[in-house]
Structure formats: structure tokens, C-alpha cells
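Source: prediction; values computed, not measured.
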Amino acid sequence: MLTYEECLEMSELSADEIAAIAEHEHMDPMIAVALGHYLITHDGEQRIQRFIIDDLERAKRCGDHEKQALLNSALQHFIATHPTHQTQQAS
């Protein structure tokens, strides 16, 4: 059986990116790893970026500065490591 960490390494996404997917889609992180990997391998980068931006906008509305910083970092990392199909960033 594979561990979460092993699956995360194979997903081509960071733990923060997976956490954003899990939060956005209201799912267990292990399921989010599978979804994230599927999206990465099937031209779904734009959808993942939108998940992160949506979560970032929600954190801003809630005044959660710590989560904003974490998600902004995740977004910047995602853009740097998956530069295709970029959408507009949240301001």
C-alpha cells in the first residue's frame, strides 16, 4: 500500500496545492492527490489554478491573513511549476 507522502510525490503537486484542492472540493487529501494528478495529466492545470484562486479569495473575504499567505505562496509555486494555461491571478 502506498502512503500519502508517496502518492503526493507522484502527483507532481505540492502539499499546499493538494490542500487547496481538498479544501475547494471538500474532500479528503488522499482523494485530492488523485484528482490533482488526474488534472495535471489531462490538461487540467487551469482548473487547479482556479481552485487555488477561489480559496485565496475566500480567505481574503474572511480576513484570514495566514491562509492568504499560504495560498498566495501555493499559487506562485503552481504558476512557476505549471506555466501553461494560466488564468488571471487574484488581486
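Y38 and M27 fall within the same hydrophobic cluster, where Ile, Leu, Val, Met, Phe, Trp and Tyr residues are linked whenever their side-chain heavy atoms come under 4.5 Å apart, directly or through other members. No continuous path of hydrophobic side-chain contacts links L70 to L75 [ILVMFWY only; heavy atoms under 4.5 Å].
A pairwise comparison of heavy atoms in E6 and T3 identifies OE1-N, 2.8 Å as the closest pair. Taking both residues in full, the closest heavy atoms of Q68 and G63 are given as OE1-C, 4.4 Å, listed atom of the first, atom of the second, then distance.
Rounding to the nearest 0.5 angstrom, the gap separating the NE2 atom in H24 from the CZ atom in R47 is 8.5 Å. A distance of 11.0 Å separates CG in L71 from CD in E57, rounded to the nearest 0.5 Å. One finds the NE2 atom of H37 at 11.5 Å from the CG atom of L35 (value rounded to the nearest 0.5 Å). In this structure, CD1 in I31 is found 10.0 Å from SG in C7, a value given to the nearest 0.5 Å. Considering CG of L39 and CD1 of I21, their distance stands at 6.5 Å, rounded to 0.5 Å.
Screening residues 7-16 for side chain to side chain donor-acceptor pair (under 3.5 Å) gives S14-E17 as the qualifying pairs, with residues at least two apart or on separate chains.
Shown here are the side-chain contact (heavy atoms from CB on, under 4.5 Å) partners of E23, two or more places apart in sequence or in another chain: D55, R58, K67. Checked against side-chain contact (heavy atoms from CB on, under 4.5 Å), Y4 has the following partners two or more places apart in sequence or in another chain: L8, I18, P29, M30, V33.
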Query raised in the report: Checking side-chain contact (heavy atoms from CB on, under 4.5 Å) for the pair I52/Q49: CA distance, chi angles, key distance, verdict?
Result: CA-CA 5 Å; I52 298 169; Q49 188 170 343; 5.7 Å; no
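For the pair H82 (side chain) and F78 (backbone), a donor-acceptor distance under 3.5 Å is absent.
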